[in-house]
Amino acid sequence: MNHRALIIGGGLAGGAAAARLGRLGAASLLLERETAAHDKICGEFLSVEAERHLAALGFDTERLGGARIDTIRLHAGHRRAEARLPFVATGVTRRTLDAALLDHAAMLGAEVRRGVTVRQIAGGRAVTAEGSVDAGALLLATGKHELRGQGRDAAGVIDDLVGFKQFFRCTPALRRALAGVVAITIFDGGYAGLQCVENDRLNLCLLVSRDRLKAVGGAWPALFAALLKEPGLALLADAEALLARPLTIASVPYGFLARPDAGDPVWRLGDQAAVIPSFCGDGMAMALHSGRLAADMLAGGAAAADFQARLRGDVGRQVRLATRLQRFGTSRLGRFALVAGLGAVPAALAALARWTRVEPAALARAGA
Ligand SMILES: Cc1cc2nc3c(=O)[nH]c(=O)nc-3n(C[C@H](O)[C@H](O)[C@H](O)COP(=O)(O)OP(=O)(O)OC[C@H]3O[C@@H](n4cnc5c(N)ncnc54)[C@H](O)[C@@H]3O)c2cc1C
């Protein structure tokens, strides 16, 4: 019997769990299917809570050279609202961040094996192409989509959105227009986020309903051309796209929250445990929080169900509120009401940004 923890997935949840177990002197093996650092669909808005978790793991975010973000700008048609964020965030690519966290976890003693895909979990073992791996505890951190045999209850989730992400070269004019800003454009059938990241790049990440995508013919060039008519995105008209084609994702179960199950020995981390709507920019903090908490509770002898209950208590309210807001904000009436209301009362924008984040009390309990 192997007593070390097996972590499946080397995103931020898996990386945080491996790093924290290493700091606690506990052995872990992490399996990541990608062979090297890679781009991911993400707005790459790293919240202050996420940075606090990383700092508590001994990880220095500053050295990654991300862009500082202290202002949120909302656009809906010609309406626009802007407010100072109640914190300073960072724009940093997942290619850089996730790989650096895995290196950090390895430096702290975790064994990180890349290029290994877990096909399923059967009989408490992880099945890979090279055979099955057994473990003292199984931590599932594979992100948005299901691993075979580990389906999630999709009742009540929003899963009709398709995500796209493209990088653009950040010219001096674009830098001036977007310095310090995360710009959110709410459009018919979805929303887009635009911000600077490291190495003079702009990240455009958006979610669009399948219906709207179908209405423009189902392909990115037509969708992008339609979105350039939005005043909040028109500045990208002459921008140079840096990826040959955008990254895409579909069927993300927004609003999903794992329920504790005393009969289930698997520890569910990150997006496997809770999927918060992307506009909140706190999914990464939740993933890090879950990884850290799982490591602490595992080392303390807790059961998976106790961890799942505690995590649900820490993030459930934010996920439910953000999911209701996403439904309202992407309705025709909602998107104008939201921008008009928040434009009139900028403090409400800052309050919303606060309410949809991991609570300070939960962060403090986790030692971040
Ligand atoms: C469109 C969009 C925009 C977003 N924007 C933001 C944002 O701006 N800010 C923010 O904080 N959050 C954002 N999020 C949320 C954030 O990206 C996620 O919450 C976060 O990545 C979850 O981390 P994770 O570790 O659970 O999963 P992931 O980051 O998805 O990592 C999972 C890892 O598991 C690996 N893996 C998967 N299957 C297997 C397998 N079978 N075997 C081995 N390895 C496997 C994958 O390769 C991957 O590296 C956004 C999400 C979306 C969809």
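At most 12 heavy atoms of other shown residues, nucleotides or ligands fall within 6.0 angstrom of atom CZ in R259. D238 CG: 12 or fewer foreign heavy atoms inside a 6.0 Å radius. Counting non-hydrogen atoms of neighbouring residues, nucleotides and ligands closer than 6.0 angstrom, the CZ atom of R245 reaches no more than 12 such neighbours.
Grouping the Ile, Leu, Val, Met, Phe, Trp and Tyr side chains by contacts below 4.5 angstrom, directly or via other members, places L206 with L228. When the side chains of ILVMFWY residues are joined at heavy-atom separations under 4.5 Å, either directly or via intervening members, L30 and L24 end up in two distinct hydrophobic clusters. A continuous path of hydrophobic side-chain contacts links F187 to L194 [ILVMFWY only; heavy atoms under 4.5 Å]. Neither V48 nor L64 shares a network with the other; the hydrophobic side chains, linked directly or stepwise wherever heavy atoms of I, L, V, M, F, W or Y lie under 4.5 Å apart, form separate groups for each. A continuous path of ILVMFWY side-chain contacts below 4.5 Å connects L243 to I249, so both sit in one hydrophobic cluster.
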**OP:** Test D39 against R94 for salt bridge (charged side-chain N to carboxylate O under 4.0 Å, His left out), laying out the working first.
**Re:** CA-CA 6 Å; D39 287 317; R94 298 295 300 273; over 6 Å; no
Subject >> L204 vs L227, side chain to side chain contact (heavy atoms under 4.5 Å, CB included): CA-CA, chis, key distance, verdict >> reply: CA-CA 11 Å; L204 171 70; L227 292 181; over 6 Å; no
Subject >> V319 and M286: CA distance, side-chain angles, deciding distance, side chain to side chain contact (heavy atoms under 4.5 Å, CB included) verdict >> reply: CA-CA 10 Å; V319 171; M286 287 188 186; 4.1 Å; yes
Original post:
Step by step, would you call F279 with L207 a side chain to side chain contact (heavy atoms under 4.5 Å, CB included)?
Top reply: CA-CA 9 Å; F279 73 87; L207 285 160; over 6 Å; no
**OP:** Please test T248 against F164 for side chain to side chain contact (heavy atoms under 4.5 Å, CB included), starting from the C-alpha separation and ending with a verdict.
**Re:** CA-CA 5 Å; T248 64; F164 290 92; 3.3 Å; yes
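If you take CD1 on I276 and OG1 on T323, they are separated by 7.0 Å, rounding to the nearest 0.5 Å. Distance check: I158 CD1 to R327 CZ gives 4.0 Å after rounding to the nearest 0.5 Å. Here the OG1 atom belonging to T185 is positioned 9.0 Å from the CG atom belonging to L236, to the nearest 0.5 angstrom. For the atom pair D200 CG and F168 CZ, the distance stands at 15.5 Å (nearest 0.5 Å). Going from atom CG of L298 over to atom CG of L293 covers 11.0 Å, rounded to the nearest 0.5 Å. One distance of note links OG1 of T61 with NE2 of H53; it measures 12.0 Å at 0.5 Å rounding.
When atom types are taken as modelled, the side chain of H289 and the backbone of D314 share no donor-acceptor pair closer than 3.5 angstrom. The closest donor-acceptor contact from the side chain of T71 to the backbone of V181 lies at 3.5 Å or more, if one exists at all. In this structure a side-chain-to-backbone donor-acceptor pair under 3.5 Å is present from Q308 to R268. With hydrogens and angles ignored, the 3.5 Å screen pairs a side-chain donor or acceptor of R23 with a backbone N or O of L57. No donor-acceptor pair under 3.5 Å is formed between the side chain of N199 and the backbone N or O of R201. A donor-acceptor pair is defined here as one N or O able to donate and one able to accept, closer than 3.5 Å; such a pair exists between the side chain of R212 and the backbone of D188. Side-chain N or O atoms of R312 include one that pairs as donor or acceptor with a backbone N or O of L257 at under 3.5 Å. Side-chain atoms of Q195 come within 3.5 Å of backbone N or O of G43 as a donor-acceptor pair. Between the side chain of R175 and the backbone N or O of C170, at least one donor-acceptor pair lies under 3.5 Å.
Listed here is the closest heavy atom pair of L269 and G291: CD2-CA, 3.9 Å. Heavy atoms only, all atoms of each residue included: G66 and T90 are closest at CA-CG2, 3.8 Å. Scanning all heavy atoms of the two residues, the minimum distance from K165 to C42 falls at CD-O, 3.5 Å. Contact between Q166 and L242 at its shortest, heavy atoms only, is OE1-N, 3.7 Å. When every heavy atom of A99 is checked against every heavy atom of A37, the shortest pair comes out as CB-CB, 3.7 Å. Smallest separation of non-hydrogen atoms from R4 and A27: CB-O, 3.5 Å.
D98 is not listed as a side-chain neighbour of E32, based on a closest heavy-atom distance of 4.5 Å or more. Counting heavy atoms from C-beta on, the side chains of L147 and V118 come closer than 4.5 Å. At a threshold of 4.5 Å between non-hydrogen side-chain atoms, the residues K144 and I41 do not count as touching. Taking the side chain as every heavy atom from C-beta outward, T93 and N203 never approach each other to under 4.5 Å. A heavy-atom distance below 4.5 Å is found between the side chains of R114 and L102. The closest side-chain heavy-atom distance from W267 to S290 is not below 4.5 Å. The shortest side-chain heavy-atom distance between V92 and V197 does not fall under the 4.5 Å cut-off. Annotation: side chain of V133 is not in contact with side chain of V116 (no heavy-atom distance under 4.5 Å).
Ionic pairing of R310 and D306 is not present here: no N-O contact between side-chain nitrogen and carboxylate oxygen is shorter than 4.0 angstrom.
Side-chain contact check for S251 and R210: at least one donor-acceptor pair (N or O, by modelled atom type) lies under 3.5 Å.
Relative ring orientation between F45 and F87 is described as perpendicular, the plane-to-plane angle rising above 60° on a 0-90° scale split at 30° and 60°.
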